[in-house]
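Basis for what follows: all heavy atoms, side chains included, without hydrogens, waters or symmetry-related copies. First the proteins, then the strands, lettered A, B, ... as listed; each starts at 1.
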Protein chains: 2
Amino acid sequence: MSASSIRARVRAEMLDEIKAVARRHLATDGANLSLRAVARDMGMVSSALYRYYPSRDDLLTALIIEAYDALGAAVETADAGADQLDPRGRWHAVCRAARDWALAHPAEYALLYGSPVPGYAAPDDTLGPALRPPVVLIGILRDGLAAGRVTAPDPEELPEPLRADLAEIAAAIAPGLPEALLARVMAGWTQLFGLISFELFGRIKRTLPHRAEYFDHQTTLMADLIGLPR
Amino acid sequence: MSASSIRARVRAEMLDEIKAVARRHLATDGANLSLRAVARDMGMVSSALYRYYPSRDDLLTALIIEAYDALGAAVETADAGADQLDPRGRWHAVCRAARDWALAHPAEYALLYGSPVPGYAAPDDTLGPALRPPVVLIGILRDGLAAGRVTAPDPEELPEPLRADLAEIAAAIAPGLPEALLARVMAGWTQLFGLISFELFGRIKRTLPHRAEYFDHQTTLMADLIGLPR
DNA sequence: GGAATGCAGAGAGCGGTGCTCTCTATTCGT
DNA sequence: ACGAATAGAGAGCACCGCTCTCTGCATTCC
């Protein structure tokens, strides 16, 4: 049993090392990851790599899950490091953490939030890790609501069918959160994603030198929209 | 000269036909467009295609420009069809037109706003067409400002270096627009892109059946943030 | 302890890709 | 009518994902 576990352990290490090499390739060559190149880098022949990952998509999936978890962890520790009674401070901490992570890992960010690879369908394993950043945002609002520092907008602003949809989402990942507030935090999450994507993919770079200030101002606008107290 | 123009014309038709076939392939197979497959579809051998497009990236660039122009035209006609004195109506018309176009041409939208192809750098030809949608949004605000229906936010909310950046952008594509208002329309444009991308790339689909209502509500929130009169 | 089993890796090979080079036939300009 | 430019065909290079077979070696079982 211990003898069997040593083989299992070396196998797990192999899986990790392949992922690490693949991540390095991802950073330099972008999303068109080549199994053969990874194998070459490890001194193996490409067919040997199929003992560990049955296909290129499976390796990609492993990288995606890892990246989601890394982003989620970065966001969560940033939130935990902020004053828990200051919703706006937490909001900005989380936004900045997401941006910093994306700037530090552009290829992995593109893997997560870029256009999906044509033949590739993300398996359900990725669903949980993908939810970690928005769940953190929801947590900020829930705490703010409980502390009386955040007030829910008028629910009348939502058309009925939409309110039902949002209620269902709230029941799943944001129990107790008013639908109108959920809609606003979703707006904030969408904006955060859009901001990072534009900065990373677009050509804002040359025309907007003070990107950090721009980012902070835009997230401030969204904090106002959500209703976080100043 | 007319004799030369007939050869030139048949060449132009060839360029267009290749683009059309490529666009069809794009719609079905996604972004991993294959030159050989396109050539096969046209009854040619792949090397012959290189007489028209020197590389796969050049063909992609042609498709990208075409797509930018199609989206820009859709957005512009939607804006022109709305009551010019109603900023909010124009805003919603433009947002819906962009979403409709994206839903009708998902692969082309992904080409424009998805993660960039690793080796590919967008040439400057794409810069002008890419600006058409945000320029339309800016036009709405400028007209609203001139008609006194939109008021500029307090410029104090902008830190100084950011204001200088925004002033430069305004000078280039939005002359006369106050910097703080430019910042808000950029927020709206970012949000619009984020909304469409999430709907197209993400997995909102199964959990949010009433997507059109959700989209309208989110764009309404942004119209409020920008300060468009109800 | 020795045999049976399972697994890691190597190698060859298939069909696909982007792209280059050479060659031929047709068409254009003069 | 003749030289030049052009379109297309074909072969070929290096790469890709993936499959199959075969060989050593470690593990497991009796």
Could you work out which one of [options] sits closest to the side chain of [X]?
X	options	answer
A/L35	C/dG9, D/dG8, D/dC18	D/dC18
A/R36	C/dG9, D/dG8, D/dC16	D/dC16
B/A48	C/dG9, D/dA7, D/dA9	D/dA9

- prompt: If you measure only the distance, is there a donor-acceptor pair under 3.5 Å linking the side chains of A/S55 and A/D58?
  reply: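 Yes, because at least one side-chain N or O of A/S55 sits under 3.5 Å from a partner of the opposite role on A/D58.
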message: Could you tell me if B/Y109 and A/S115 have a donor-acceptor pair between their side chains, going purely by distance under 3.5 Å?
response: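 No - no donor-acceptor pair under 3.5 Å links their side chains.
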query: When you measure from the side chain of B/W91 to the backbone N and O of B/M222, does any donor-acceptor pair fall under 3.5 Å?
result: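 No.
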Between D/dC18 (P) and A/Y53 (OH): distance, integer Å: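 After rounding, the gap between these two atoms is 14 Å.
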- prompt: Whole Å only: how far is the CD atom of A/E13 from the P atom of C/dA8?
  reply: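 Computing the A/E13:CD to C/dA8:P distance gives 14 Å.
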- prompt: To the nearest 0.5 Å, how far apart are OG1 in B/T126 and CG in B/D69?
  reply: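 If I round to the nearest 0.5 Å, the distance is 10.5 Å.
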Rounded distance (nearest 0.5 Å) linking atom CG of B/L112 with atom CD of B/E66: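 Between B/L112 CG and B/E66 CD, I get 11.0 Å after rounding to 0.5 Å.
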field: Near-strand residues of residues 38-46 of chain A, defined as heavy-atom separation under 4.0 angstrom from DNA chain C
entry: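 Contacts with DNA chain C under 4.0 Å: A/G43, A/M44, A/V45.
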query: Can you find a donor-acceptor pair, distance only, under 3.5 Å between A/R56 side chain and D/dG17 base?
result: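 No.
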Is there a side-chain contact between [X] and the phosphate of [N], meaning an N or O under 4.0 Å from OP1 or OP2?
X	N	answer
A/Y50	D/dC20	no
B/R11	D/dT6	no
B/S47	D/dG10	no

Side chains of [X] and [Y] in contact at under 4.5 Å (non-hydrogen atoms):
X	Y	answer
A/I196	A/E199	no
A/L59	A/Y50	no
A/I138	A/L182	yes

Terminal helix-axis angle for the helix from C/dG1-D/dC30 to C/dT30-D/dA1, with five pairs defining each axis and rounding to 10 degrees: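 About 10° separates the two local helix axes.
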- request: Identify whether any heavy atom of B/Y52 sits under 4.0 Å from a base atom; if not, whether one sits that close to sugar-phosphate; answer base, sugar-phosphate or nothing.
  value: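 Answer is sugar-phosphate: B/Y52 comes under 4.0 Å of backbone atoms only.
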- request: Look at all strands and tell whether B/L33 reaches a base, only sugar-phosphate, or nothing, counting heavy atoms closer than 4.0 Å.
  value: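 The answer is sugar-phosphate, as B/L33 gets under 4.0 Å only of primed atoms, P, OP1 or OP2.
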query: Taking for each residue the nucleotide of DNA chain D bearing the nearest heavy atom, is the 5' side occupied by A/S55 or by B/M14?
result: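 This one resolves to B/M14.
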message: Taking B/R96 first and then B/D216, would you say they form a salt bridge - that is, a charged N and a carboxylate O separated by under 4.0 Å?
response: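 Between B/D216 and B/R96 there is a salt bridge, with a charged N closer than 4.0 Å to a carboxylate O.
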